Amino acid sequence: MQLSQTKRAYLELLSKTYRNEDEASSEIINLTAIQNLPKGTEHFISDIHGEYEAFLHILKNASGVIRLKIDDAFGDSMTEQEKRRLAVLIYYPAEKLEIIRDNEPNMEEFYYKTLHQLIEILYLVTKKYSRSYVRKQIPQAYAYIIEELLYGASSDEQKKRYQDNLITGIVEIGKSEDFIIIMSELISRLAVYHLHVLGDVFDRGPGGDIVLEALTKYHSVDIQWGNHDILWMGAAAGNTACIANVIRICTRYDNLHTLEVGYGISIRPLVTFALEAYAEDPCQNFNPKVSAKDALYASDVETLKKICKAIAIIQFKLEGQLIKKHPSYDMESLRLLHKIDFETYTVEVDGKRYPLNNRMFPTIDPEDPYRLTDMEQAVIDRLQSAFLESEALQAHVRFLFSKGSIYKCYNGNLLFHGCVPMEEDGTLSAVETEEGLKTGKDWFDYAEETVRRGYFGKAGTPGKQRCVDFFWYLWCGYQSPLFGKKKITTFERCFIEDENTWKEAKNPYYSLVCSEEVVDMIAENFGLSKGTSHIINGHMPVKKGTNPLKANGRVFLIDGGFAKPYQKTTGIAGYSLTHNSYGYILTAHEAFESAEVAVREEKDILSTQVAQENIKGRLYNRDTDMGKDLAQQIYWLKLLLEAYRNGLIREKM
């Protein structure tokens, strides 16, 4: 056996972890066993839009996976009502136990029965994992007992007697509820091996910060950024156009709670300015979108309207400055302030004049319409400082960078939020950049590298500001892989009544991707196999009566309307996708009322399987990306083992 200098150096490093022949052999056996376990369940969710209660519930029920495990475990031996009760107990153990305590006549009997049921379900969800992996997921204080409940005793009869004795001990010492909570949380955790979030954690919903905080605690997750995520990330990087957009959306949808409570960002300077500058303005097209149950006092509504208009005008000015600064963005159609005729109060859009529905523009200088007034500049400077100094926001954005990307290739699937920009003729769009024309994967890679440099690059370094500016382009640029529309029509929706001007034409990708030939072309561009790989993305809500599967099942569009405003269009409250060792299951979810109702009335989200793709043979870990990593680890361990046996590497005793 001969070793190159590089191989020897690596094996010397590896020998510090696996110190001798026995340790290397043991790890080879362990990794080989893991390779031959069934593939773990992947869970795909998209377009959460801050709807944290529905998201947290789907996270807890694993898109119906846990309910299927209850059916597998107990079949007809349990009534439908008993299954619902057990399912809700697993999702919300502490809350449900509190209700059960008040209504259950014999709690001791309940504890015995429930602990046995939970052990049976936990055993089912852990069958795909090695014991060492399961052990790492269990809180240390409970690890020994739960392992014994799962694996103790050698025969079925002995195991049952052993479990009975352990559970008797748990009940007698008053630890039943602790074990019920721990095992319920373990079931929810282990029902899914890995979670994929395909963008738009943020938007109009009330708790993007709550969703992100939950994701920071999730055991295995990746995130493909959406355009709303990149908007917040850009705001955290100090991009003032992004900051203005974030505040306008939060104000429009009465979601200032996320800003002010979640992230400690005060908009008081903006409020003071808006109430003064727009005191006489009715701001009729800036009504906040609030539901009847969230109805505000009339004075609050009037204040929000003025805030929304004030920040919208600041936004249009800042965006106009960026577009002029970066001609390569090719977004001149968004610069409309200089096309306003302040005598007739009309504006030119795409070569046609339209009347404006509001004639009050106290901060716009017709001679220099994109210049911020001194007060506007002071307001945006204060807001920029608040975003940059918010520790909670910066922590969440760093998490988005550490766990996120614009796209991901995983187990033969291409995951991204929006689209692969394409031309009508089916070719990949060539996008002008500082480094020349970029298409497909190269464009995605360039875009991600640019925003990473924008956030992490040191202030004052060459190109830093260009990279910070680019966040805004990814938010709404025509060729942005996160946006996928010809242009964003915010100005038109605010100031023009003719709804024809509101239309946002989709990128050709969304019609072309119905072709398997196009899917194969995209897959090949991203280094995936033709004929077998899938595209999974969200961003465009799937309308009622429209099939979320395209190209003969090769494409899954999983934005089904988490955000409440989209649910009239979609008819449901979101899609989710699971990929287990047998294939893919696409599930549609009905609207979620609240966690409180779920616990009290034992109401789960009504989930319906709308599509299923079964594979020809069951998948094992060896067939996955993880299997490739394991094979590489085994290769090096076998080299280390041979080096130990030949005396080329010294064993450490």
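A quick note: this is a predicted structure, and the numbers were derived from the prediction, not measured.
Glu517 has no carboxylate O lying under 4.0 Å from a charged side-chain N of Arg554, or vice versa, which leaves the two without a salt bridge. At a threshold of 4.0 Å, the pair Lys217-Glu213 counts as salt-bridged, since one of the basic side-chain nitrogens sits closer than that to a carboxylate oxygen. No salt bridge links Glu449 with Arg452; every basic N to acidic carboxylate O contact stays at or beyond 4.0 Å. A salt bridge links Asp469 with Lys325: at least one charged nitrogen is closer than 4.0 Å to a carboxylate oxygen.
Atoms CG and CD1, from Leu512 and Ile522 in turn, are 8.5 Å apart once rounded to the nearest 0.5 Å. Taken to the nearest 0.5 Å, the CG atom of Asn245 stands 6.5 Å off from the OG1 atom of Thr490. The CZ atom of Phe470 sits 9.0 Å away from the CD1 atom of Ile230 when rounded to the nearest 0.5 Å. Atom NZ of Lys306 sits about 5.0 Å away from atom SG of Cys283, to the nearest 0.5 Å. Taking CH2 of Trp472 as the reference point, atom OG of Ser480 lies at 11.0 Å (rounded to 0.5 Å). Interatomic distance, CG of Asp341 versus CG of Leu356, reported as 9.5 Å (0.5 Å rounding).
The number of heavy-atom neighbours closer than 6.0 Å to NE2 of His257, taken from other residues, nucleotides and ligands shown, is 12 or below. With a 6.0 Å radius and a threshold of 12 heavy atoms from other residues, nucleotides or ligands, Asp374 has its CG atom at or below the threshold. Counting non-hydrogen atoms of other residues, nucleotides and ligands closer than 6.0 Å to CZ of Arg371 gives a total above 12. Around the CD atom of Glu343, the shell of radius 6.0 Å holds no more than 12 heavy atoms that belong to other residues, nucleotides or ligands. Atom CD of Gln284 is surrounded by more than 12 heavy atoms from other residues, nucleotides or ligands within 6.0 Å.
Relative to the ring axis of Tyr218, Lys403 does not place its NZ or CZ within 45° and under 6.0 Å from the centre. Taking the ring centre of Tyr478 as origin, the terminal cationic atom of Lys486 falls inside the region bounded by 6.0 Å and 45° from the ring axis.
Side chains of Thr489 and Glu504: a donor on one and an acceptor on the other come within 3.5 Å. Between the side chains of Asn239 and Gln384, no donor-acceptor pair of N or O atoms lies under 3.5 Å. His338 and Tyr370 share a side-chain donor-acceptor pair at under 3.5 Å. No side-chain N or O of Glu423 forms a donor-acceptor pair with one of Tyr509 less than 3.5 Å apart. For the residue pair Asp209/Tyr52, the side-chain donor-acceptor check at 3.5 Å is not satisfied. Donor-acceptor pairing under 3.5 Å is lacking for the side chains of Asn411 and His579. At a cut-off of 3.5 Å, with distance as the only test, a side-chain donor of Glu42 or His196 sits close to an acceptor on the other residue.
For the side chain to side chain contact (heavy atoms under 4.5 Å, CB included) criterion with Thr501, the lone passing option out of Lys352, Arg493, Glu492 is Glu492.
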Go through it in stages, so that I can follow the logic: the residues are Val555 and His534, the test is side chain to side chain contact (heavy atoms under 4.5 Å, CB included), and I'd like the CA-CA distance, side-chain angles, deciding distance and then a yes or no. CA-CA 6 Å; Val555 177; His534 296 80; over 6 Å; no

Taking it one step at a time, do Val397 and Tyr455 satisfy side chain to side chain contact (heavy atoms under 4.5 Å, CB included)? CA-CA 9 Å; Val397 168; Tyr455 186 78; 3.7 Å; yes

Could you check Leu437 against Thr439 for side chain to side chain contact (heavy atoms under 4.5 Å, CB included), going step by step and ending with a plain yes or no? CA-CA 7 Å; Leu437 295 177; Thr439 63; 5.9 Å; no

Test side chain to side chain contact (heavy atoms under 4.5 Å, CB included) on Phe416 and Leu198 and set out the steps. CA-CA 6 Å; Phe416 55 83; Leu198 275 73; over 6 Å; no

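The two residues Val246 and Ala235 make their nearest non-hydrogen contact at CG2-CB, 4.2 Å. Heavy atoms only, all atoms of each residue included: Pro481 and Ile406 are closest at CG-CG2, 4.2 Å. Nearest approach of Ser576 to Ile45, heavy atoms of both residues: CB-CG1, 4.4 Å.
In terms of the side-chain contact (heavy atoms from CB on, under 4.5 Å) criterion, residue partners of Thr373 (sequence neighbours excluded) are, by chain and number, Lys317, Thr363, Met375, Glu376. Applying the ring pair (Phe, Tyr, Trp, His ring centres under 6.0 Å) rule to Tyr510 yields no partners; only residues at least two apart in sequence or on another chain are considered.
A centroid separation of less than 6.0 Å is found between the aromatic rings of Phe526 and Phe444. Remark: aromatic rings of His326 and Tyr473 are distant, center separation not under 6.0 Å. Taking the six-membered ring for Trp and the full ring otherwise, the centers of Phe495 and Phe361 sit less than 6.0 Å from each other. No close placement of the His194 and His43 rings is indicated, their centers lying 6.0 Å or farther apart. Aromatic ring centroids of Phe401 and Trp225 lie under 6.0 Å apart.
Here the side chain of Arg252 pairs a donor or acceptor atom with the backbone of Asn287 at under 3.5 angstrom. The main-chain N or O of Cys494 is found under 3.5 Å from a side-chain atom of Asn285 such that the two form a donor-acceptor pair. A donor-acceptor pair is defined here as one N or O able to donate and one able to accept, closer than 3.5 Å; such a pair exists between the side chain of Trp443 and the backbone of Gln479. Looking at Thr258, its side chain does come within 3.5 Å of a backbone N or O of Pro206 through a donor-acceptor pair. Remark: side-chain polar atoms of Asn507 are not paired, donor with acceptor, to backbone N or O of Pro421 under 3.5 angstrom. One N or O on the side chain of Asn525 and one on the backbone of Lys441 form a donor-acceptor pair closer than 3.5 Å. In this structure a side-chain-to-backbone donor-acceptor pair under 3.5 Å is missing from Asn255 to Thr251. Judged purely by atom type and a 3.5 angstrom limit, Thr461 has no side-chain atom pairing as donor or acceptor with the backbone of Lys464. The main-chain N or O of Asp330 is never found under 3.5 Å from a side-chain atom of Glu432 such that the two would form a donor-acceptor pair. Here the side chain of Asp200 pairs no donor or acceptor atom with the backbone of Phe202 at under 3.5 angstrom.
Put simply, the side chain of Tyr446 reaches to within 4.5 Å of the side chain of Glu434, judged on heavy atoms. With a 4.5 Å cut-off on side-chain heavy atoms, Thr240 and Phe387 do not count as touching. Here the side chains of Val197 and Asp222 are not in contact, with every heavy-atom distance at 4.5 Å or above.
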Output a table of donor-acceptor pairs, distance under 3.5 Å, between side-chain atoms of residues 262-277 and any protein atom two or more places apart or on a different chain; print 'none' if there are none.
from	atom 1	to	atom 2	distance (Å)
Tyr263	OH	His396	ND1	2.8
Ser266	OG	Arg268	N	3.2
Thr272	OG1	Arg268	O	3.1

